[in-house]
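Structure first, then comments.
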Amino acid sequence: MFKKLFKFGKNKEENKEVEKHQENVVEDIKEEQIEEVENQEDTLEENIEIINNNQEDLIQDNKINEAEAEAEAEAEAEAEAEAEKVETEIKEETKNEQVIEDIVEIYSQDIVEEEEDQLEKISQESIDEVIIEETEIEETIQNKVNLFDRLKQGLTKAKQGITDRIDEVLKSYTKVDEELLEELEEILITADVGVNTTMNIIEQLRNKIKEKGITDPSDVRVELKLIVEEILTNDNSTLDVSHSPTIILMVGVNGVGKTTTIGKLANRYRQEGKKVLLAAGDTFRAAAIEQLEVWAGRSNVDIIKHQEGADPGAVIFDAVKAAKARKVDLLICDTAGRLHNKANLMNELGKVFKIVDREFPEAKKEVLLVVDATTGQNAVVQAKTFKEVADITGIVLTKLDGTAKGGVVLAVKSEVDVPVKLIGVGEKVEDLQDFDAKAFSDALFGN
């Protein structure tokens, strides 16, 4: 380039211009070089800065990594320490558990042996209790069987007078018609069932025959038994003396077995463990007091009495006071039966009831009317009369074993509408029985 410039510069001025131009070119080249160097320096500085920054990042990352590594190492160390601690605790617990197991095994063996001894003892006691319970059940069943046998035996005459005659009539017929029903009606009336009750029974029987289409006379007997049982059934037919104290007032005319019934009841409830007291309130009848004293002695119970002819109300008053003082469970009171008219009867019984209501309000009261089954329809009349003057809660039918006209049970229950609670079917104490409609029907109809 210089040669070309020099070649063209033929004079001094041209040379100066050439030199100047050369200087400019050189200056440009220098500037370019300087600029290039500066650019290189900038690039270098930038690279250095980048390198520095990268180094700082690397250093920071290294620090972070080192911190994380340290944390991980610490965590691992802590985990190892915790694992060693847990392992130690497990070993300790295992050791303790083994000790506990040894102790439990020792005590368990003792407990097992003790429980075996107790179980053996309890088993023997249970066996004894079961034997006693079974014995009591057998005795109860046997007693019920014995009572039912006595009931059947006591109703022998009534059965002969009613169901045996019914069976004869039924056997003589080959079909069921009105003539058969008329004969059954006659048997019931003559057995003291009563006209009204008999008509009711025959009407029910007629309806059942139509309803069930009965054509065999033998089937009539089954329906008749069910009707009789239904008439006699009453939800309140049980004499309940479970409440303490209870007072039983016995009413009825002389000669029906009132005093004897009191004695038998006293004996029954005394044997059941109740504390019983008797009151000789029939002061008008000769020897009534002495007769009740005999029964009190037999039953080993106390009796409250006055002299013959004394005021019956005074006897009952003293008896109530004695019952409360002695804390008796059951007070049974005899009352006068020899009263000439309804007015006298009402006055005497009225006084007795007022005394009981006033002096013994906490006691459960039962008023039992005693009637003689052998008197037939007179028993129904007596029941109606006493019902007019007293709140009768139950009827005792005595001497059922002595009559072939046992239908009076149906008449009394149906026409007086008072439940029969007790019946007498013999002379012995156990012959005074609680009235059970089904058992009575079974015994009467021979089941």
Side-chain angles (χ1 to χ4, degrees), residues 147-148 150-163 188-194 196-198 201 228-240 248-265 268 332 334-335 337 366-387 390 392-445:
L147 286 174
F148 184 71
R150 298 193 70 82
L151 179 61
K152 285 203 298 184
Q153 184 180 350
L155 294 178
T156 299
K157 289 185 178 179
K159 183 176 180 300
Q160 291 170 350
I162 303 175
T163 50
L188 294 176
I189 291 175
T190 56
D192 277 335
V193 173
N196 293 334
T197 306
T198 298
I201 291 172
V228 168
E229 185 178 325
E230 184 179 356
I231 291 174
L232 294 176
T233 299
N234 191 296
D235 294 335
N236 195 28
S237 62
T238 304
L239 179 60
D240 182 15
I248 299 176
L249 296 163
M250 308 294 289
V251 299
V253 300
N254 288 341
V256 295
K258 195 154 41 78
T259 306
T260 302
T261 300
I262 293 172
K264 290 180 178 180
L265 284 177
R268 174 201 287 189
I332 307 176
D334 194 5
T335 61
E366 287 272 2
V367 182
L368 299 183
L369 170 64
V370 184
V371 292
D372 183 350
T374 62
T375 60
Q377 287 299 304
N378 284 336
V380 179
V381 175
Q382 291 172 23
K384 288 181 177 179
T385 302
F386 273 90
K387 189 182 179 184
I392 307 297
T393 60
I395 291 175
V396 183
L397 265 173
T398 63
K399 307 178 186 179
L400 263 173
D401 57 314
T403 178
K405 299 182 177 183
V408 68
V409 178
L410 287 161
V412 168
K413 170 62 178 67
S414 180
E415 297 188 28
V416 184
D417 195 27
V418 174
V420 177
K421 294 194 173 184
L422 297 166
I423 54 174
V425 292
E427 295 297 327
K428 295 185 178 181
V429 172
E430 58 267 26
D431 289 329
L432 180 66
Q433 297 188 15
D434 293 323
F435 182 72
D436 184 314
K438 187 177 187 311
F440 183 87
S441 300
D442 288 345
L444 188 63
F445 281 81

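- Considering only residues two or more places apart in sequence or on other chains, T238 meets the side chain to side chain donor-acceptor pair (under 3.5 Å) condition with none of them.
- In terms of heavy-atom proximity, Q433 sits nearest to E430 at CG-O, 3.5 Å.
- Considering only residues two or more places apart in sequence or on other chains, E366 meets the salt bridge (charged side-chain N to carboxylate O under 4.0 Å, His left out) condition with K364, K421.
- With a 4.5 Å cut-off on side-chain heavy atoms, T260 and L432 do not count as touching.
- Residues meeting the salt bridge (charged side-chain N to carboxylate O under 4.0 Å, His left out) test with D417, sequence neighbours left out: none.
- Between the side chain of T398 and the backbone N or O of V256 there is at least one donor-acceptor pair closer than 3.5 Å.
- Among residues two or more places apart in sequence or in another chain, the side chain to side chain donor-acceptor pair (under 3.5 Å) test is passed with D434 by R268.
- Between V416 and A383, the closest heavy-atom pair is CG2-CB, 3.6 Å.
- Contact between F435 and I423 at its shortest, heavy atoms only, is CD1-CG2, 3.7 Å.
- Atom OG1 of T261 is separated from atom CG of L422 by 8.0 Å, given to the nearest 0.5 angstrom.
- For the atom pair CG (L410) and CG (N196), the distance works out to 13.0 Å, reported to the nearest 0.5 Å.
- Rounded to the nearest 0.5 Å, atoms OG1 (T335) and CE (M250) are 8.5 Å apart.
- For the atom pair K413 NZ and I395 CD1, the distance stands at 9.5 Å (nearest 0.5 Å).
- Proximity of L368 to T393: side-chain heavy atoms (C-beta onward) are separated by under 4.5 Å at one or more points.
- Scanning for salt bridge (charged side-chain N to carboxylate O under 4.0 Å, His left out) contacts around D334 gives K258, with sequence neighbours left out.
- Residues G161 and A191 share a closest heavy-atom pair of O-CB, 4.4 Å.
- Listed by chain and residue number, S242 satisfy the side chain to side chain donor-acceptor pair (under 3.5 Å) test with D240 (two or more places apart in sequence, or in another chain).
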Using the rule given for side chain to side chain contact (heavy atoms under 4.5 Å, CB included), can you reason through I392 versus V251, listing the C-alpha separation, both sets of side-chain angles and the distance that settles it, and then say yes or no? CA-CA 9 Å; I392 307 297; V251 299; 3.9 Å; yes
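- The heavy-atom pair separating G252 from L369 by the smallest distance is CA-CD1, 3.9 Å.
- Judged as a ring pair (Phe, Tyr, Trp, His ring centres under 6.0 Å), and not counting sequence neighbours, F386 has no contacts.
- Taking 4.5 Å as the limit, some side-chain heavy atom of L239 sits within range of a side-chain heavy atom of L265.
- Distance CG/D431 to CD/Q153: 8.0 Å, rounded to 0.5 Å.
- Residue G194 comes nearest to A411 through the heavy atom pair N-CB, 4.4 Å, listed as atom of the first residue, atom of the second, then distance.
- Residue pairs satisfying the salt bridge (Lys or Arg N to Asp or Glu O under 4.0 Å) criterion with at least one member in residues 367-386, sequence neighbours excluded, are listed as follows: D372-K399, K384-E415.
- For the pair L232/V409, a side-chain contact is recorded, criterion being any heavy-atom separation below 4.5 Å from C-beta on.
- Atom CD1 of I189 is separated from atom OG1 of T198 by 5.0 Å, given to the nearest 0.5 angstrom.
- Under a 3.5 Å cut-off, the side chain of T163 and the backbone N or O of L444 do form a donor-acceptor pair.
- For A373, the side-chain contact (heavy atoms from CB on, under 4.5 Å) partners are L397, L400, T403, V408, not counting sequence neighbours.
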